[in-house]
Asks: 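The structure is given below, and queries will be raised subsequently.
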Amino acid sequence: MTAQSGIDVLQPTSPARTGLSLRLPPAGLMLAWLAIAVAVLWATVPGLFTGHDPINGVPAEKLQAPSAAHLFGTDALGRDLLARVVHGSARSLSGGFVAVAVGLVVGTLLGLLAGSVGGLLDELVMRVVDVLLAVPGLLLALTAIILLGAGTTNVAIAVGIGSVAAFARLTRSEVVRVRRTDYVEAAFGSGGRFFTVLRRHVLPNSLGPVVALAAVQFGSAILAISTFSFLGYGAKPPDPEWGLLIAEGRNYLATSWWLTTLPGLVVVLVVVAAGRISRSISREDR
Amino acid sequence: MTRYLALRVGQAVLVLWAAFTAGFVLLQLLPGDSILIKFQNPELGLSPDQIAEIRRLYGSDAPAIVRYVHTLLGFLHGDFGYSIDTGTPVLDRLAEGLPATAKLATLGFLVAVLIAVTIAFVSSYSRFAWIRGALLALPSLFVSVPTFWLGIVLIQVFSFQLKLVPVIGGTGFEQLILPVLTLAVPISAPLAQVLARSLDQVQAQPFVAVVAAKGASQRWILWRHVARNALLPTLTIAGVTFGELIAGSVVTETVFGRNGIGRLTEQAVAVQDTPVMLAIVVLSATVFVLVNLVVDLLYPVLDPRLAAKVGVTA
Amino acid sequence: MSLLEVRDLTVAYRTGNQVHQAVSGISFTVEPGEVVAVVGESGSGKSTTAHAIIGLLPGNGSVDSGQILLGGTDIAGWSSKRLESVRGAQIGLIPQDPTSSLNPVKTIGAQIGETLRIHKRGDRRTIARQVIELLTRVGLSDPEMRARQYPHELSGGMRQRVLIAGAIALRPRLIIADEPTSALDVTVQRRILDLIDDLRREFGTAVLLVTHDLGVAADRSDRLVVMRNGQVEEQGTTRAVLAGPQADYTRKLLQDAPSLTPRRFRDARPPAHTPAADEQPSAITVRDLVKEYRIGRKPFRAVDGVSFEVRRGTTHALVGESGSGKTTTARMIVRFATPTSGSVTIDGTDVARLRGEALRRFRRRVQLVYQNPAGSLDPRESVGDIVAEPLRNFRLADRAGRSKRVRELLDRVALPQAAYDRRPRELSGGQRQRVAIARALAVDPEVIVLDEAVSALDVTVQAQILDLLDGLQRDLGLTYLFISHDLAVVRQISDTVSVMRKGRIVETGTTQQVFHAPQHAYTGELLAAVPGAGAEQAA
């Protein structure tokens with residue numbers, strides 16, 4: 001064999017590419033991670049962020065507008081609203097995690113099974129998923145609440161059940177897509193056994209969109225959990241859960257805008273951040 | 001074509017039956033006896049004989065399979081049983097709420113489509129990158145807003161601050177405007193996202209360049225070529241989103257104190273009124289299945305490639 | 001005055017802060033009625049040039065400097081709005097991919113008549129009549145029916161005729177044909193190019209033919225513009241450039257173009273490569289192979305009674321156009337598809353009956369190299385892991401041994417050692433295909449099936465890979481089954497050939513026999529359709 005001409009030399013790793021790992025991610029994404037990090041810190045070490053008691057208020061300081069002393073103002077019982085939001089984050093975040101865990105584990109397993117085994121099992125699982133998708137997630141979760149009873153953990157599990165179908169369908173379609181690729185066939189051609197190929201090629205290449213869905217579901221789960229608290233199925237007063245805070249603030253809508261607006265904004269920020277992170281994951285995956 | 005139609009209708013019926021069965025198992029069989037829970041309350045002072053009589057009236061003393069068949073036959077005849085909460089027929093309670101919710105949901109959906117179309121088209125054809133960026137960020141903001149909070153903020157701003165819409169009373173239109181907006185905003189988000197993405201994808205198709213090479217103007221290309229092709233994926237999402245309207249009405253009706261199916265759902269869950277809940281689940285599944293059936297039947301009309309598959313010769 | 005004069009044209013694409021100059025100061029002219037071919041490999045800027053002329057660059061592309069003179073008027077700076085009167089009326093476009101270049105939800109008639117409607121030529125009835133005339137002119141039978149059909153109901157060649165009809169509707173003075181036939185089978189390609197030639201003669205239209213295929217350019221153009229990296233390497237009359245290329249690059253292109261420089265047929269492989277060769281003469285024996293699919297109710301035979309033998313250490317080519325069943329045959333031989341009936345014997349093993357562990361073990365002996373190397377390599381793994389995978393699956397070496405073997409294999413396929421840690425996307429197309437070949441070699445297979453393995457590559461890269469395959473065969477005594485639609489390539493690599501059509505083999509023989517004395521009419525048609533064949537005889 002003659003020496004190859006210089007045309008096919010390996011390109012040096014271009015500066016643009018090496019730069020990518022060093023260059024900072026976009027500002028929006030950094031802010032998103034920052035928001036999530038702050039929320040997690042609120043949940044784990046609330047004492048660092050507020051010195052006020054979230055449960056026992058000072059009646060003399062009731063319904064004060066936001067000020068230097070009370071950044072988010074106070075509620076009808078004179079409790080510092082910021083303290084309540086900070087302490088409430090543990091409820092909301094853990095609820096979000098539980099919900100995503102339920103949906104992710106159950107849904108991904110179902111989807112993986114359906115997509116990789118195929119045949120009758122695939123048919124069966126997907127028909128069940130069809131039925132689940134025919135009922136709106138919220139209604140499904142409400143049904144689960146009737147079954148499980150009210151309470152914060154039950155609400156989180158119920159929300160998770162509502163998202164099982166979405167996870168199952170996405171995982172299945174990704175697994176089916178990856179299974180059809182040449183590189184999976186080539187892996188079998190290289191003598192790979194079913195489970196080896198599944199683990200080495202199919203799973204890693206199909207999980208990207210699923211992780212992205214998990215991130216966005218984390219946000220939606222926080223939304224849904226706060227909605228159920230608002231409707232009265234979740235946390236009970238005086239628990240400072242975010243949805244409950246907004247619900248309690250409703251009675252003072254005409255006079256004390258901060259009681260509903262500020263906790264709501266916190267929820268929006270966290271959910272927007274989760275969505276932004278999700279999009280960055282699905283973009284990287286491409 | 002008839003084969004395709006029969007197949008799709010058959011599938012739809014099957015999904016409905018499965019939804020009913022799942023709902024029945026989850027709501028009637030598993031949670032124990034909601035009638036016992038309600039009437040054994042000592043405050044009511046009912047004797048065991050009286051409770052047994054009530055159970056007989058509700059049919060909850062029969063074996064599970066008999067109750068299942070009985071309930072299923074009832075549903076087929078439009079008899080949804082009796083509400084445990086009020087003792088009135090479930091059908092009456094649904095009929096009471098349905099018109100208001102249907103009006104709210106329909107208007108909400110139309111407004112959502114309007115918002116989505118505006119966002120997608122303006123962003124897709126805007127010359128300025130910042131307008132495009134700002135508009136495309138809107139949907140992800142919309143899905144991140146708790147619906148109930150949005151309703152509350154709207155009341156706060158439009159009723160209490162600007163005093164544009166009365167809190168209580170007002171004309172029918174004034175009463176509807178804020179609930180419709182509250183319902184429409186989160187639903188418009190997925191529609192806008194999918195439509196904007198489809199517009200971009202279709203515009204990157206080689207056939208668009210070919211049409212441009214024939215001398216067609218931007219507007220010509222948009223209306224005669226891009227719009228129809230971009231409609232297809234959006235239609236799918238629209239069908240799926242329709243189910244979310246019922247879910248959205250639960251929150252919207254509660255926040256705005258409107259009566260309807262949503263409010264009924266909220267009450268049914270609160271007092272564990274399982275017959276009502278079962279009827280609502282089946283109702284929303286029916287709406288979902290019907291809407292998606294219509295969408296599926298529309299496809300071949302809009303896309304001749306599918307027409308060939310389902311056996312309609314154009 | 002020239003019909004089209006491009007002067008110092010520079011086009012750049014911007015992504016973020018990066019500016020990529022795709023075309024750097026090129027100049028050429030097109031005279032009325034002549035065919036000018038712009039030739040180059042991928043990334044040479046030839047398509048960008050074509051799109052810049054009609055002002056259809058993608059959103060991030062722009063003409064940075066230079067002039068585009070159409071009949072003496074500079075249209076380079078014109079707004080898209082202003083260009084609308086030029087497009088379709090003065091310059092027509094025949095696009096590359098007929099499948100995606102027609103709107104799937106509109107009828108053929110509507111899309112041809114569109115050119116007339118946009119430029120407001122005639123009312124509904126006269127347009128409808130003209131559409132029928134155009135359809136007839138581009139050679140479509142039953143034009144009334146065609147006008148009412150949708151694109152998916154037509155074959156690729158018919159769609160390309162429809163696109164041509166749309167481009168010539170207003171008899172523009174210039175037609176830009178952007179790779180008009182690269183997605184089509186050779187026999188169809190020939191008829192489409194003939195049609196463009198006829199129309200050009202009839203209407204006196206000039207054609208700017210953009211192509212990667214030097215054979216097509218040689219056959220069909222009056223003048224050649226050879227592009228590379230956004231610059232013109234050489235231009236002149238086609239005859240002169242072919243006879244005496246001035247630039248090194250042109251010379252290399254000519255040399256590597258299999259259709260233009262028919263290398264000698266490869267020397268007949270000495271069958272007595274080893275003394276044992278005569279005792280076990282065939283590595284692959286295929287007998288009455290059938291693959292039947294069910295589409296709806298009626299069965300469809302993709303492969304219909306195929307039989308052939310491949311001698312050990314030689315290359316057998318399966319040639320055919322799309323739908324001929326050549327790929328299905330190959331997939332049954334490597335057992336990614338199960339034959340409906342018939343047998344495939346590889347060194348005494350009947351492949352068709354293999355199941356489970358026996359099938360897995362069989363994979364060690366037969367390897368497949370795919371057409372698209374980007375798709376056949378796991379994007380998440382490094383080259384080292386990819387090549388080591390078969391070694392790991394068959395437990396052929398421990399970790400250190402694997403690494404050593406992978407490095408040997410990289411050498412073997414002439415990849416630099418630095419490639420070891422790279423991911424596939426960091427490599428060029430040719431390098432990726434080398435990785436795929438290295439993976440196939442890892443288990444010391446007896447047979448390698450190459451499914452259009454060089455079809456997606458530029459000619460210069462193609463030539464390198466063919467050289468590599470040739471060398472490997474000599475050194476390792478490999479048996480190749482070479483699946484291809486490209487007769488020019490087949491001629492260069494194979495010892496024996498089977499020509500397939502509609503699931504059957506119409507002719508088998510040594511490469512020399514098949515090419516010089518084709519027995520079947522279809523083989524003759526295929527050979528005549530190979531672009532560059534005319535030029536070869538002239539030269």
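By convention in this document, chain letters (A, B, ...) are assigned in the order of the sequence lines, proteins followed by strands, and residues within each chain are numbered from 1. Worth knowing before you read on, the calculation uses all heavy atoms, side chains too, and leaves out hydrogens, waters and symmetry mates.
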Asks: Do you know which of C/A89, C/S101, C/G88 has the most heavy-atom pairs with chain B at a distance under 4.5 angstrom?
Replies: C/S101
Asks: Which atom pair, heavy atoms only, marks the closest approach of B/A212 to C/L56?
Replies: CB-CD2, 3.6 Å
Asks: Quick check: do B/I131 and B/S123 have side-chain heavy atoms less than 4.5 Å from each other?
Replies: no
Asks: So does C/P95 get a backbone contact from the side chain of C/Q160, meaning a donor-acceptor N/O pair under 3.5 Å?
Replies: yes
Asks: Looking at every non-hydrogen atom in both residues, tell me the closest pair between C/G157 and C/I192 and how far apart they are.
Replies: O-CD1, 3.6 Å
Asks: With a 4.5 angstrom heavy-atom cut-off, could you sort out which part of C/L170 is near chain B: side chain, backbone, both or neither?
Replies: neither
Asks: Is the backbone of C/I108 close enough, under 3.5 Å, to the side chain of C/R146 for a donor and an acceptor to pair up by distance?
Replies: no
Asks: Taking C/N103, C/L93, C/T115 one by one, which has the highest count of heavy-atom pairs under 4.5 Å against chain B?
Replies: C/N103
Asks: Picking from B/K214, B/Q218, B/R224, B/Q205, which has the most non-hydrogen pairs under 4.5 angstrom with chain C?
Replies: B/K214
Asks: Which of the residues C/Q111, C/H51, C/Q96 is involved in the greatest number of heavy-atom pairs with chain B at under 4.5 angstrom?
Replies: C/Q111
